[in-house]
Structures are given as structure tokens and as C-alpha cells.
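In what follows, chains carry the letters A, B, and so on, assigned in the order in which the sequence lines appear, proteins first and then strands, with residues in each chain numbered from 1.
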Amino acid sequence: MKKSSEKNENSQQSERLKFSFFPGCSLKASGHENTMSLLKFCDRVNIELVELEDWNCCGSSSAHSIDHDAAKNLPMRNISLVPKGIPLMIACPSCLIRIKSMYLKIKRDKALKQEYEELWGKPFDEDLEIVHFFEIINKIRLEDYIDQPKDKLKNLKVAPYYGCMLSMPPDLRFEKNYYGIMEQTLKRLGADPISFGYGSRCCGTYLSVAKPQVAQKVVNEIISKAMEAGAECMVTACSMCHLNLEIRCSLENPIPVLHFSELLSMALGAQDQKKWFPRHIVDPVPLLKKRGLISS
Amino acid sequence: MINQDGGSQTLVDEIKASSGIDFNSCLHCKTCANGCPFIEGMDYAPNAVIRLIQFGMEEEALKCSTIWVCVGCNTCSSCCPMAIDIPAVMDGLRHKAIEQGVKIAEPDIMNFHTEVLNTVKKYGRTHKLEIMMRYKFKKMDLFSDMGVGLKMLKKRKLDLTPSKIQDKKAIEKIFRKK
């Protein structure tokens with residue numbers, strides 16, 4: 001992974017925030033535009049991300065559903081790889097849940113802690129901080145990096161879609177919750193966030209493969225509710241939700257679905273949209289041009 | 001606790017142990033059933049599955065499609081007035097169904113999970129294209145839903161080669177059966 005750019009070496013090196021970065025399989029292999037725009041965003045707001053070395057799949061729903069041992073060991077190994085003293089930033093809400101809930105389980109279960117230490121040959125890091133990508137927005141002042149932030153997404157009517165995973169399962173009931181952060185941020189950038197009541201509705205995850213009709217129905221419902229509420233595009237927090245909303249939508253003229261990281265990077269003046277947007281099934285370019293937010 | 005004649009108290013105890021749920025607390029208000037986005041794909045509503053456990057109706061509970069169609073989105077548990085972790089009940093039943101070797105109500109979903117884990121066993125990470133190909137092959141259904149697959153390839157949403165981890169020994173450790 002690309003290391004921090006050297007231009008900041010003298011000026012802000014000491015303040016530069018550093019995270020271990022866990023991309024997860026969805027971002028690494030299918031949501032490339034999500035990864036690219038996320039890296040761009042972090043670079044622009046002076047955050048250094050170091051990809052977790054040799055990370056593995058978190059196990060996702062599949063290990064959780066049919067293989068308890070793998071569901072335990074897969075996240076455990078990832079936890080054991082994090083260098084001490086550096087918080088772990090996870091971009092995928094589903095990976096976040098798997099890894100964070102396993103971390104908290106080990107923390108409160110002595111036998112499990114012993115098992116972890118024996119299996120991975122390392123002491124368990126009691127102080128490891130595991131955060132979602134959204135936490136970064138809490139840690140910086142976006143306005144410090146943007147001139148006239150209110151013009152950046154001016155008048156864009158966006159329906160923020162969090163998906164179900166960020167709503168936190170019972171295991172993580174007392175952990176930080178990120179609802180509202182997309183609305184707040186969009187407002188600060190001049191956009192008009194649309195609330196539509198389906199922002200945390202599940203996208204259907206793997207039923208998109210095994211029961212496509214069921215997934216199609218929920219996806220169409222989510223997108224049409226956003227459209228009825230007046231949205232002209234949607235923004236997602238999760239790469240897998242994004243994929244499902246794109247591939248399972250069978251509405252006639254659906255609105256484009258963007259990754260939150262794409263809108264953030266755009267607002268920060270990134271010019272790499274040409275690498276991201278051709279990967280979208282519903283092209284967001286005409287809309288963004290019409291609103292005068294991009295030139296080409 | 002209601003228990004039908006001949007109903008299984010063991011099932012109640014086992015699922016209680018794996019999920020930490022007191023089955024007496026379900027009021028059958030059906031909030032879970034009304035909120036579930038996937039109820040149409042299920043044979044029993046989520047609260048009905050809890051009812052099956054309350055009655056000790058083990059076979060029905062283990063053979064139902066609901067435990068497979070539930071994706072664990074937690075819509076139900078976040079609106080349950082008794083804060084019951086319903087997906088944890090489904091997990092417990094699913095694992096018990098596998099252990100006991102009962103007929104799986106949703107073989108496609110099981111097949112999908114197996115193929116996902118097969119790529120993780122091979123590469124340490126998932127490989128979507130291979131999962132899809134093997135899933136379709138096993139199902140003997142290569143051509144339905146072809147349009148979506150092609151669209152994904154065209155938009156480069158399916159990498160042709162897998163992303164792999166270096167430490168092969170770690171994968172063995174992860175999947176070693178005790």
C-alpha cells in the first residue's frame with residue numbers, strides 16, 4: 001500500500017493520525033472505487049493508513065452461519081496482526097461487527113483469551129481501539145481542508161443509506177453508533193440530505209445470490225422509497241450494500257448510488273472520478289454535471 | 001414454559017445455552033414478524049420459530065427454512081420490546097441442524113456458505129467469481145441470472161484472480177478441527 005506522502009514530513013508529521021487499515025474482501029476485490037476514494041479521502045485529510053499486513057477474511061455471514069470455529073478463528077487472527085498502539089480502522093460494517101464483537105468477547109472471557117494467546121502466540125492487546133471509517137469524521141474538522149465547503153455538494157439531494165450492520169447487533173449494543181453522521185456531513189458540504197425511513201433496512205446480503213427474487217424486492221423497495229422522498233441519488237456506508245443496490249435493482253429509471261467515500265473525496269477536490277464512476281451500473285456523472293459539481 | 005407432550009426440553013435448554021435467551025420472555029407480539037424484510041421467503045415467522053422451541057417441537061424447528069433465510073440483519077432484535085436476540089436463536093438452530101444432519105430446508109443458501117468458506121480455506125480471503133461459478137455449477141444452473149453476472153464482469157465488480165494471504169499455515173490453523 002502507498003505510504004504517506006512526503007510533503008507533510010516537516011509540517012504536520014507529529015499530528016498526522018495513523019490507523020491500521022482493514023479493507024476486507026468486498027472493498028479489496030469488488031468495491032475498488034470505494035477503496036480508491038477512501039484512500040484518497042484519508043490522504044487529503046492528513047490521515048495515514050497502513051494496510052493490516054496479511055489480513056484475512058473476517059468470516060462474514062458464512063462462517064458465522066455454518067462454521068463456529070472459523071467464525072472465531074478468522075477474526076482472532078486479524079486482531080493478532082494489529083501492531084500495538086495503533087487503532088484498527090475497518091471500512092466494511094460487516095467486517096467491523098465480526099471483528100469488534102470477537103474482540104469484546106475475548107476481552108471479557110478469560111478462557112477465550114488464553115485460547116487466543118496460545119493459538120496466535122501473542123499477548124492479547126487489552127487497549128486496542130477498533131473503529132469504523134466514520135470515526136475519522138469525528139476526529140477531524142473537515143472545514144480545515146476545504147475552501148467554501150458549502151459549495152462542494154451544493155443542493156444535491158442525497159438519501160443516506162447506512163444498511164443494517166451499522167445499526168449494531170445486540171452484542172455491540174453499548175458501542176458507539178454512527179447514525180446521523182452522513183446527514184450531518186452532507187449538510188456541512190451543502191447537500192440536502194433526504195430522510196426516507198429505509199436508511200437502515202437490510203439490503204439482502206447473500207440472499208442476492210441464493211434468493212435473488214427476495215433480494216430484488218427489498219432493494220427495489222429501498223431505492224423507490226428514496227426516490228419517492230425526493231432523492232436524486234443515494235449514498236451508502238457499505239460496499240456490499242452498494243453492490244446489492246446496484247445489481248439487484250430492477251426499477252425502470254433508478255437513481256445512482258454513490259459510496260460515501262466518493263462524495264467526501266469529491267468535496268475535497270479529488271479529480272479521480274474517472275476511475276470510480278465507470279464502475280457504477282447507474283452512471284452518476286450526468287446528475288453531478290447537471291448540479292455543476294463536476295466538470296467532466 | 002409450555003411443553004407439548006413428547007416435546008423436547010433438551011432443545012430449549014440447548015438453544016438457551018447457545019443464545020442466552022429465556023424463551024419465557026417472548027410475548028408473541030409479532031413485532032419481529034411485522035418488521036422482518038425477508039418474511040416472505042420464510043415458512044415460519046420469527047416469533048413462530050420461538051413458539052416451536054417453547055413447544056419443544058425440535059424437528060419442525062430444525063427443518064424450517066426460516067433459520068436459513070434469516071441473514072441476521074437484526075431488524076427484529078432492535079425492535080423487540082423484550083430485547084430478545086432473535087438471530088442468535090436462528091444461529092443456534094442452524095448449527096444444531098448441521099450437527100444432527102437433518103434435511104436442510106434451503107440447500108442453496110447452505111451451498112453458498114460452503115463455497116464462500118471453500119475460497120477462504122484456499123486463499124484466506126473470499127473470491128467472488130469462484131464462489132459464483134462453483135455455486136452455479138453445483139446447482140446445475142449455469143444460465144439463470146446470467147445478465148447480472150455479465151453486468152458485474154463488465155463493470156469490473158468481479159476480480160478474475162483471487163486476492164490471497166501469504167501465511168498458508170495460518171489458514172490451516174484457522175480451519176483445523178479439534
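- Comparing B:D108, B:T126, B:I171 by heavy-atom pairs within less than 4.5 Å of chain A, the highest count is held by B:T126.
- For the pair A:V218 and B:F38, the minimum side-chain heavy-atom distance is below 4.5 Å.
- For chain B, the option among A:H68, A:K217, A:R77 with the highest count of heavy-atom pairs below 4.5 Å is A:H68.
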**OP:** Under the side chain to side chain contact (heavy atoms under 4.5 Å, CB included) rule, what do A:V209 and B:Y135 come out as? Steps first, then yes or no, please.
**Re:** CA-CA 9 Å; A:V209 179; B:Y135 168 83; 3.7 Å; yes
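- B:I98 touches chain A through its side chain: at least one heavy atom from C-beta onward sits under 4.5 Å away, while N, CA, C and O do not.
- The line from CE of B:M152 to CD1 of A:I247 is 4.5 Å long, rounded to the nearest 0.5 Å.
- With respect to chain A, the highest number of heavy-atom pairs below 4.5 Å among B:V69, B:I67, B:T75 belongs to B:V69.
- Interface summary for chain A: among B:L158, B:L117, B:V116, B:I131, the most heavy-atom pairs under 4.5 angstrom belong to B:L117.
- Using a 4.5 Å cut-off between heavy atoms, A:Q213 makes no contact with chain B at all.
- Within a 6.0 Å radius of CD in A:E221, more than 12 heavy atoms belonging to other residues, nucleotides or ligands are found.
- Both the backbone and the side chain of B:V71 come within contact range of chain A, judged by heavy atoms closer than 4.5 Å.
- Residue B:S144 does not touch chain A at all, counting heavy-atom pairs closer than 4.5 Å.
- A:E246 and B:K155 are not joined by a salt bridge, as no carboxylate oxygen comes within less than 4.0 angstrom of a charged side-chain nitrogen.
- With rounding to the nearest 0.5 Å, the separation of OG in A:S62 from CE in B:M110 is 10.5 Å.
- The contact between A:S26 and chain B is made by backbone and side chain atoms together, counting heavy-atom distances below 4.5 Å.
- Here B:R156 contributes atom CZ and A:E33 contributes atom CD; the two are 9.5 Å apart, rounded to the nearest 0.5 Å.
- In this structure, the portions of B:A83 lying under 4.5 Å from any heavy atom of chain A include both its backbone and its side chain.
- With a threshold of 4.5 angstrom between heavy atoms, A:P278 approaches chain B through N, CA, C or O but not through any side-chain atom.
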**OP:** Go through B:K157 and A:L243 one step at a time and tell me if the side chain to side chain contact (heavy atoms under 4.5 Å, CB included) criterion holds.
**Re:** CA-CA 8 Å; B:K157 288 179 189 292; A:L243 184 68; 3.5 Å; yes
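- Inter-residue side-chain proximity for B:F175 and A:D69 is flagged as unmet; no heavy-atom pair is nearer than 4.5 Å.
- Salt-bridge formation is detected for the pair A:R248/B:D145: a Lys NZ or Arg NE/NH1/NH2 atom is positioned less than 4.0 Å from an Asp or Glu carboxylate oxygen.
- Interface remark: A:L119 contributes backbone and side-chain atoms alike to the contact with chain B (heavy atom separation under 4.5 Å).
- No more than 12 heavy atoms of other residues, nucleotides or ligands shown are found within 6.0 angstrom of CD on B:E59.
- The greatest number of non-hydrogen atom pairs below 4.5 Å with chain B, out of A:D67, A:I281, A:I66, is found for A:I66.
- Only the side chain of B:M132 comes within contact range of chain A, with heavy atoms under 4.5 Å apart.
- Looking at B:K128, the atoms closer than 4.5 Å to chain A (heavy atoms on both sides) all sit in the side chain, from C-beta outward.
- For B:Y123, no part lies under 4.5 angstrom from a heavy atom of chain A.
- By the 30° and 60° cut-offs, the orientation of the rings of B:H113 relative to A:Y206 is perpendicular.
- For the atom pair CD of B:E106 and CG of A:L207, the computed distance is 8.5 Å after rounding to the nearest 0.5 Å.
- Heavy atoms closer than 4.5 Å to chain B are found in the side chain of A:R201, but not in its backbone.
- Ranking B:T161, B:T119, B:D91 against chain A, the residue ahead of the rest is B:D91, based on heavy-atom pairs under 4.5 Å.
- Once rounded to the nearest 0.5 Å, the distance linking CD1 of B:I165 with CG of A:D54 reads 5.0 Å.
- Looking only at side-chain heavy atoms (C-beta outward), B:D159 and A:H32 come within less than 4.5 Å of each other.
- In this structure, A:M165 and B:N74 have side chains that are not in contact, with every pair of non-hydrogen atoms separated by 4.5 Å or more.
- Heavy-atom distances place the side chain of A:K211, and not its backbone, under 4.5 Å from chain B.
- When each of A:A210, A:S65, A:A70, A:A63 is scored by its heavy-atom pairs under 4.5 Å with chain B, the top score falls to A:S65.
- Chosen from B:G72, B:G41, B:P37, B:P162, the residue pairing most often with chain A at heavy-atom distances under 4.5 Å is B:P37.
- Only the side chain of B:E40 comes within less than 4.5 Å of a heavy atom in chain A; its backbone stays farther off.
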